[in-house]
Amino acid sequence: MNKPLLAALCSLAVAGLGATPAAAAPAAHPTPERTPTTSLVGVLTSVTDDLARTAKETRAARAAAGSFAGTVALSNCSGSVVRLPDSADSDPALVLSNGHCLESGFPAPGEVVTGRPSSRTFGLLDASGGKIATLRADQLVYATMTDTDVSLYRLTSTYAQIKSAYGIDALTLNDTHPVAGTDIQVVSGYWKRIYSCRIDGFVHQLKEGDWTWKDSVRYTSACDTIGGTSGSPVIDTATGKVIAVNNTGNEDGGRCTVNNPCEVDENGNVTVRQGINYAEETYQIPACFTTGNRLDLDAAGCTLPKP
């Protein structure tokens, strides 16, 4: 699991702390001057305007995905301020990280934590990775390491309050299954480092020690995440939305041991991929929340593990 380790510090000393800057998007083609000579020209100009606006919105989404804005640093991991597709600005904000990043230690296999009081703090980052505020939780809403590896904290601040005070928008959780080949960035608030790669594929079962995760995301090798990147949001660079949460990688080539997860297919065949890293999907989360960002594990369509 990608928690802070001495080996990670050594690796970072060699690699350096610099974040990988997002590639600049090409400028949009200039919009032709409107010439109302025929209705066809008007239609073509309207289409060109629409394409230019779409290109601008796409560049904005990609720029957001290439920044640290909305990410947070935990005491031992990374995370992000997230909202659901239907969250209101007046709702208490949520922080997403891993279940294995809990201040109380790893949840046991089969354990699901809900509604636990918490006063955990998070360092909120701006686009360049500078800490601009300390946010505080009042509740650990949900956490588990069974089937997935996720934690969600409720903050004492609303989305609107965070936006007003610090100019930071929450990242939005996508509510559909991610797609292989998608360009992604893993944005670590702990190390203030961005990893860029693609989704290589999906793992039927990912086993690490006593824990098993289902339908995990496998990265291509360019996302060589290290200890401390656990809990980092995995962002679709085309949309700027969160599609997974970074959680582990096979460090030493071990078979299904802690820090050395293995892949198990539908027929029980085991594959070990040393140096490859993984994330857990987050598209299931929105279906388990109702109005006001309230957790409802009995809601229609909710498939998160229950206590």
Side-chain angles (χ1 to χ4, degrees), residues 3 64 67-107 111-145 148-173 175 187-190 192 228 230-233 235 240-242 245-246 282 284-297 299 302 304 307:
K3 297 195 73 175
S67 80
F68 294 95
T71 64
V72 298
L74 284 67
S75 59
N76 60 343
C77 286
S78 300
S80 56
V81 180
V82 296
R83 63 187 302 149
L84 313 172
D86 295 329
S87 291
D89 291 343
S90 57
D91 290 340
L94 301 173
V95 165
L96 169 71
S97 190
N98 283 148
H100 78 257
C101 292
L102 296 187
E103 59 269 54
S104 56
F106 294 1
E111 182 180 4
V112 176
V113 180
T114 61
R116 177 186 292 175
S118 173
S119 59
R120 191 165 196 178
T121 58
F122 311 89
L124 178 66
L125 306 185
D126 62 14
S128 63
K131 180 181 175 181
I132 55 173
T134 297
L135 303 176
R136 184 175 297 276
D138 61 11
Q139 185 182 102
L140 173 61
V141 177
Y142 182 88
T144 191
M145 288 178 66
T148 186
D149 184 7
V150 66
S151 61
L152 287 157
Y153 290 85
R154 185 181 69 194
L155 298 180
T156 57
S157 305
T158 66
Y159 298 115
Q161 289 170 333
I162 293 172
K163 174 70 171 179
S164 176
Y166 313 113
I168 297 296
D169 290 310
L171 302 175
T172 299
L173 290 178
D175 58 1
V187 186
S188 172
Y190 186 93
K192 300 173 180 61
S230 284
S232 299
I235 298 175
K241 293 183 178 181
V242 177
V245 57
N246 179 70
T282 52
Q284 317 96 318
I285 292 174
C288 300
F289 282 79
T290 61
T291 304
N293 278 358
R294 294 193 303 271
L295 180 70
D296 182 2
L297 295 177
C302 178
L304 288 177

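Side chains included, hydrogens not; waters and symmetry mates left out as well; all remaining heavy atoms used.
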#### Entry: Heavy-atom donor-acceptor pair, R136 side chain to S119 backbone, under 3.5 Å
yes

### Summary
Between S118 and E103 the two heavy atoms that sit nearest each other are OG-OE2, 3.3 Å

### Distance-only polar pair, side chains of S188 and S78, donor-acceptor under 3.5 Å
yes

### Query
Do the non-hydrogen side-chain atoms of V187 and S80 ever get within less than 4.5 Å of each other?
no

### Query
Rounded to the nearest 0.5 Å, what separation is found between the CG atom of L295 and the CG atom of L152?
8.5 Å

### Heavy-atom check, side chain of L135 versus side chain of Y166, under 4.5 Å
yes

### Task
Without swapping roles, check the side chain of S151 against the backbone of N98 for a donor-acceptor pair under 3.5 Å.
yes

### Query
If you round to the nearest 0.5 Å, how far is CG of L304 from CG of D296?
11.5 Å

### Query
So, the side chain of D149 versus the backbone of H100: is there a donor-acceptor pair under 3.5 Å, distance only?
yes

### Task
For A69 and L171, work out which heavy atoms get closest and say how close.
O-CD2, 3.9 Å

## Note on the structure
When every non-hydrogen atom of R120 is compared with those of C101, the smallest separation belongs to NH1-O, 2.8 Å

### Query
Would you call D91-R294 a salt bridge at under 4.0 Å N-O?
no

### Message
With heavy-atom distances below 4.5 Å as the criterion, would you say the side chains of Q139 and P92 are in contact?
### Response
no

### Query
About how many Å separate CD1 of I132 and CZ of F68, when rounded to the nearest 0.5 Å?
13.5 Å

### Message
Tell me whether Y159 contacts the main-chain N or O of V82 through its side chain, where contact means a donor paired with an acceptor under 3.5 Å.
### Response
yes

### Test item: F122 and L74 side chains (from C-beta on) under 4.5 Å apart, heavy atoms
yes

### Query
If you round to the nearest 0.5 Å, how far is OG of S97 from CG of L140?
10.5 Å

### Query
Do you know which two heavy atoms are closest between A287 and C302, and how far apart they sit?
O-CB, 3.9 Å

### Message
Just by distance, no angles: are the side chains of N293 and S87 close enough, under 3.5 Å, to form a donor-acceptor pair?
### Response
yes

### Message
Taking the side chain as everything from C-beta on, heavy atoms only, tell me whether Y142 gets closer than 4.5 Å to I285.
### Response
no

### Query
Side chains of L102 and Y153: does their closest heavy-atom pair fall under 4.5 Å?
yes

#### Entry: Approximate separation, where rounding is to 0.5 Å, of N246 CG and S230 OG
6.0 Å

### Interatomic distance, L96 atom CG to L173 atom CG [nearest 0.5 angstrom]
6.0 Å

### Query
Is there a donor-acceptor pair closer than 3.5 Å between any side-chain N or O of T148 and the backbone N or O of V150?
no

### Message
Minimum heavy-atom separation for S157 and I162, please, with both atom names.
### Response
CB-CG1, 3.8 Å

## Note on the structure
When V245, V72, T71 are each screened for side-chain contact (heavy atoms from CB on, under 4.5 Å) with P233, the one that passes is T71

### Query
Tell me, do R83 and L94 make a side-chain contact under 4.5 Å, heavy atoms counted?
no

### Query
What do the steps show when you test I168 against V81 for side-chain contact (heavy atoms from CB on, under 4.5 Å), and what is the final call?
CA-CA 9 Å; I168 297 296; V81 180; over 6 Å; no

### Sub-4.5 Å side-chain heavy-atom contact between T144 and E111
no

